[in-house]
Engineer: 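What follows is a single structure, and I will ask about it in a moment.
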Amino acid sequence: MCGIVGIVGQSAVNQRLYDALTVLQHRGQDAAGIMTCDGDEMFLRKDSGLVRDVFQQRHMLQLKGSVGIGHVRYPTAGCDAAAEAQPFYVNAPYGIGLAHNGNLTNAAELAQALWRDDRRHLNTSSDSEALLNILASELQRQGAAHLKPEQLFQALANLFRRVRGGYAVVAFIIGHGVVGFRDPHGIRPLVLGRRITARGTEWMLASESVALDLVGFELVRDVEPGEAVYIDLSGGLHSAKCAPTERHTPCVFEYVYFARPDSIIDNISVHKARMRMGEKLAEKIRRLRPDHDIDVVIPIPDTSRTSAMQLALDLDLEYREGFVKNRYIGRTFIMPGQEERQKSVRSKLNAIPLEFRGRNVLLVDDSIVRGTTSAQIIELAREAGARKVYFASAAPPVRYPNVYGIDMAAASELVAAGRTDEEVAQLIGADWLIYQDLEDLVSAVRHDKARIESFDTSCFSGEYVTSDVTPEYLARIERERSDDAKARRRNAGDGPDDESTRAKPRAVRLV
């Protein structure tokens, strides 16, 4: 899961892109990049690390121009090296920079077709680079010295026919403007914002509405599934439906974990969705254990706070903050390997013994994925003196791989895969474990004004909204993207060379 942003402004956009990426940092902490354009010259800075570490003052001063795109990376497909930080860039046609959130399920076939049919070479194993080259190839076919909006939309319609999976994209075309588009199922989010200034109208595309809020843009709407939005350099807005909406099924895990609670995605408040998750969990506890002996509800910070608070309110239980979080440690789930996740838990959280000692504690988390983090948190609670430790998940059991941009490629790494709830409880050390029911999760997220009937729930249900996910495909991505596979590549030194050793495109100035 990555964060993307694009701005067509009336003044310098470097600081606003930086600020937007900082507020989207929760979507990816592996790498960051910004590309801007001043006239016909593009400027690019990208590297591994957090936004605050990648961009120093000297870099910001060189990121000139009133148009630009940015990206924060979360490692999924082909993201083992600094050279795979985004945005990516190709010289021809025009000069195109691209930032991508999601995962292409036919990336291997696209790479072969690009070499065989389009005569294009890929420098990395990233599906984002394949997507960029598909876009470049289709724009090349239009054969125009200066693209008209209808020609751009035709190129994107051709791209939609070639590409499968979950994706949201922002791209910049030199001399033309910024384009944003979203997969035909709307799996990955993308919103459009606007700001009226004395100099004219400015436009912004971003993964979440909270990025718009921070830099003073108002939310106009979500980009529709299969839609492309094109903002030219004069601030003109053009949009077209480039692919039919097969079924609008946004990723439900955005609302469970990834998105910030102050965001609105597909006209659904993330905060209110999480409140309803807490209500549904409270109903289930009341139904299954009407005579429970829970003394206190304690959230696992930060994502579960909203659900935990509502659960405690509905059950008339005491709600307490029992863990202190180190704000300088990244989100555990999106760290790139199991070893890093295990090391980070105790450095990230510390228990307050006063809230645990001699009490029956219900810990509430947003989800349980690999189980290692949950087990360590339960151990912390016991060390702090809890008499009993119960555990509630605001999401159902994660039993299946996610193939649309979340790092859950290996079913063998999911603690609930092939296990009962009781077996999972034993593995993580809980006295009792309660999961949200899938029907209740969908009901909690959905509401009438959003006009969305269903969601991508593949990691819970095993039902994939694109038709190309086969058992063979799942087996292949497990071999390629499991934590063991990533560790083998790191230990063997495989993967692309460091970016500094590559020949650089002359049209982009690296800063």
Side-chain angles (χ1 to χ4, degrees), residues 26 29 256-258 261 274 277-278 281-282 285 289 292-312 315 317-395 397-398 407-408 413-416 419 421-436 483:
H26 62 284
Q29 299 161 15
V256 170
Y257 174 80
F258 271 102
R274 289 177 184 168
M277 291 176 206
L281 264 180
I285 291 173
R289 291 205 173 185
H292 66 78
D293 58 351
I294 301 168
D295 295 320
V296 62
V297 176
I298 294 179
I300 312 301
D302 287 313
T303 321
S304 64
R305 278 199 174 102
T306 306
S307 297
M309 193 175 297
Q310 190 64 43
L311 181 152
L315 291 179
L317 290 171
E318 186 177 5
Y319 171 89
R320 305 293 287 182
E321 291 286 342
F323 293 104
V324 176
K325 183 176 180 180
N326 182 346
R327 301 294 174 184
Y328 304 99
I329 301 293
R331 298 181 88 181
T332 308
F333 170 66
I334 63 175
M335 288 186 172
Q338 187 73 335
E339 184 178 354
E340 288 85 350
R341 297 183 198 105
Q342 290 173 335
K343 287 179 180 178
S344 73
V345 173
R346 284 184 175 270
S347 60
K348 183 175 76 169
L349 293 178
N350 192 41
I352 303 173
L354 181 65
E355 302 296 351
F356 292 90
R357 193 176 296 124
R359 310 179 86 182
N360 298 333
V361 177
L362 175 65
L363 301 180
V364 180
D365 208 350
D366 52 78
S367 59
I368 305 171
V369 181
R370 294 165 180 86
T372 307
T373 300
S374 303
Q376 293 187 26
I377 290 171
I378 290 170
E379 187 178 345
L380 284 174
R382 294 197 189 280
E383 290 173 358
R387 184 167 58 238
K388 292 181 181 179
V389 182
Y390 306 131
F391 204 95
S393 168
V398 177
D407 192 17
M408 300 176 187
E413 295 171 357
L414 306 174
V415 69
R419 295 188 177 98
D421 295 357
E422 292 74 19
E423 290 171 332
V424 175
Q426 186 174 5
L427 278 171
I428 66 175
D431 292 298
W432 180 53
L433 170 65
I434 182 167
Y435 280 108
Q436 185 88 263
D483 285 338

Engineer: Not counting sequence neighbours, list each pair that qualifies as a ring-ring contact (aromatic ring centres under 6.0 Å, His included) and has a residue in residues 359-384.
Structural biologist: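 Every pair satisfying ring-ring contact (aromatic ring centres under 6.0 Å, His included) with a residue in residues 359-384: there are none.
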Engineer: Would you please name every residue forming a side chain to side chain donor-acceptor pair (under 3.5 Å) with Arg419, sequence neighbours left out?
Structural biologist: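 Here no residue qualifies.
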Engineer: In Å and rounded to the nearest 0.5 Å, what is the NE2 to CG distance from His292 to Leu317?
Structural biologist: 5.0 Å
Engineer: Can you tell me how far apart CD (Glu379) and OG (Ser374) are? Round to the nearest 0.5 Å.
Structural biologist: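 These two atoms lie 12.5 Å from each other.
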Engineer: For Arg387, enumerate each residue passing the side chain to side chain contact (heavy atoms under 4.5 Å, CB included) test, keeping only those at least two apart in sequence or located in another chain.
Structural biologist: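 Partners of Arg387 under the side chain to side chain contact (heavy atoms under 4.5 Å, CB included) test: Asp295, Asn360.
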Engineer: Looking only at heavy atoms, what is the nearest atom pair of Phe356 and Ala381, with distance?
Structural biologist: CE2-CB, 3.6 Å
Engineer: Between Arg382 (side chain) and Gly429 (backbone), is there a donor-acceptor pair under 3.5 Å?
Structural biologist: yes
Engineer: Not counting sequence neighbours, which residues clear salt bridge (Lys or Arg N to Asp or Glu O under 4.0 Å) with Glu383? List them please.
Structural biologist: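 So Glu383 forms a salt bridge (Lys or Arg N to Asp or Glu O under 4.0 Å) with Arg346.
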Engineer: Could you pull out all residues at least two apart from Glu318 that satisfy salt bridge (Lys or Arg N to Asp or Glu O under 4.0 Å)?
Structural biologist: Arg320, Arg359
Engineer: Taking all atoms of both residues into account, what is the closest heavy-atom pair of Leu380 and Phe323, and its distance?
Structural biologist: CB-CE2, 4.2 Å
Engineer: How far apart are the C-alpha atoms of Lys388 and Asp293, what are their side-chain angles, what is the distance that settles it, and do they pass the side chain to side chain contact (heavy atoms under 4.5 Å, CB included) test?
Structural biologist: CA-CA 9 Å; Lys388 292 181 181 179; Asp293 58 351; 3.3 Å; yes
Engineer: Nearest 0.5 angstrom please: Met408 CE to Glu413 CD, how far?
Structural biologist: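 CD of Glu413 is found 11.5 Å from CE of Met408.
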Engineer: Is any side-chain heavy atom of Leu311 less than 4.5 Å from a side-chain heavy atom of Leu362?
Structural biologist: yes
Engineer: How far does CD1 of Ile368 sit from OG1 of Thr373, to the nearest 0.5 angstrom?
Structural biologist: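 Interatomic distance, Ile368 CD1 to Thr373 OG1, rounded to 0.5 Å: 10.5 Å.
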Engineer: Nearest 0.5 Å, what's the CD-OG1 distance between Gln310 and Thr306?
Structural biologist: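 That separation rounds to 9.5 Å.
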Engineer: Nearest 0.5 Å please: distance from the CD1 atom of Ile298 over to the CD1 atom of Ile352.
Structural biologist: 8.5 Å
Engineer: Applying side chain to side chain donor-acceptor pair (under 3.5 Å), can you list everything that pairs with Gln436, at least two apart in sequence or on another chain?
Structural biologist: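 Gln436: no side chain to side chain donor-acceptor pair (under 3.5 Å) contacts found.
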Engineer: I'd like to check the side chain to side chain donor-acceptor pair (under 3.5 Å) partners of Tyr435; sequence neighbours left out, ordered by chain and number.
Structural biologist: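 Applying side chain to side chain donor-acceptor pair (under 3.5 Å) to Tyr435 gives none.
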Engineer: How far apart are the closest heavy atoms of Ala394 and Leu281, and which atoms are they?
Structural biologist: CA-CD1, 3.7 Å
Engineer: Can you name the nearest heavy-atom pair linking Ser393 to Asp366, along with the distance?
Structural biologist: OG-O, 3.9 Å
Engineer: Identify the two heavy atoms, one from Glu355 and one from Val361, that lie closest to each other, and give their separation to 0.1 Å.
Structural biologist: O-CG2, 4.5 Å
Engineer: Taking all heavy atoms of Ala430 and all of Ile378, pick out the closest pair and write down the distance.
Structural biologist: CB-CD1, 3.8 Å
Engineer: Taking side chain to side chain donor-acceptor pair (under 3.5 Å) as the test, write out the residues that go with Asn350, two or more places apart.
Structural biologist: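 Residues passing side chain to side chain donor-acceptor pair (under 3.5 Å) with Asn350: none at all.
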Engineer: Is the shortest side-chain heavy-atom distance between Lys325 and Leu349 below 4.5 Å?
Structural biologist: yes
Engineer: Is it the case that the side chain of Ser304 and the backbone of Val364 share a donor-acceptor pair, with hydrogens and angles ignored and the cut-off at 3.5 Å?
Structural biologist: yes
Engineer: With sequence neighbours left out, write down each residue that passes side chain to side chain contact (heavy atoms under 4.5 Å, CB included) with Pro261, or none if nothing qualifies.
Structural biologist: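 Checked Pro261 against side chain to side chain contact (heavy atoms under 4.5 Å, CB included); matches are His271, Arg274.
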Engineer: Can you name the ring pair (Phe, Tyr, Trp, His ring centres under 6.0 Å) partners of Tyr319, sequence neighbours left out?
Structural biologist: none
Engineer: With sequence neighbours excluded, what pairs up with Asp421 under the salt bridge (Lys or Arg N to Asp or Glu O under 4.0 Å) test?
Structural biologist: Arg399
Engineer: Sequence neighbours left out, what pairs pass ring-ring contact (aromatic ring centres under 6.0 Å, His included) with at least one residue falling in residues 365-392?
Structural biologist: none
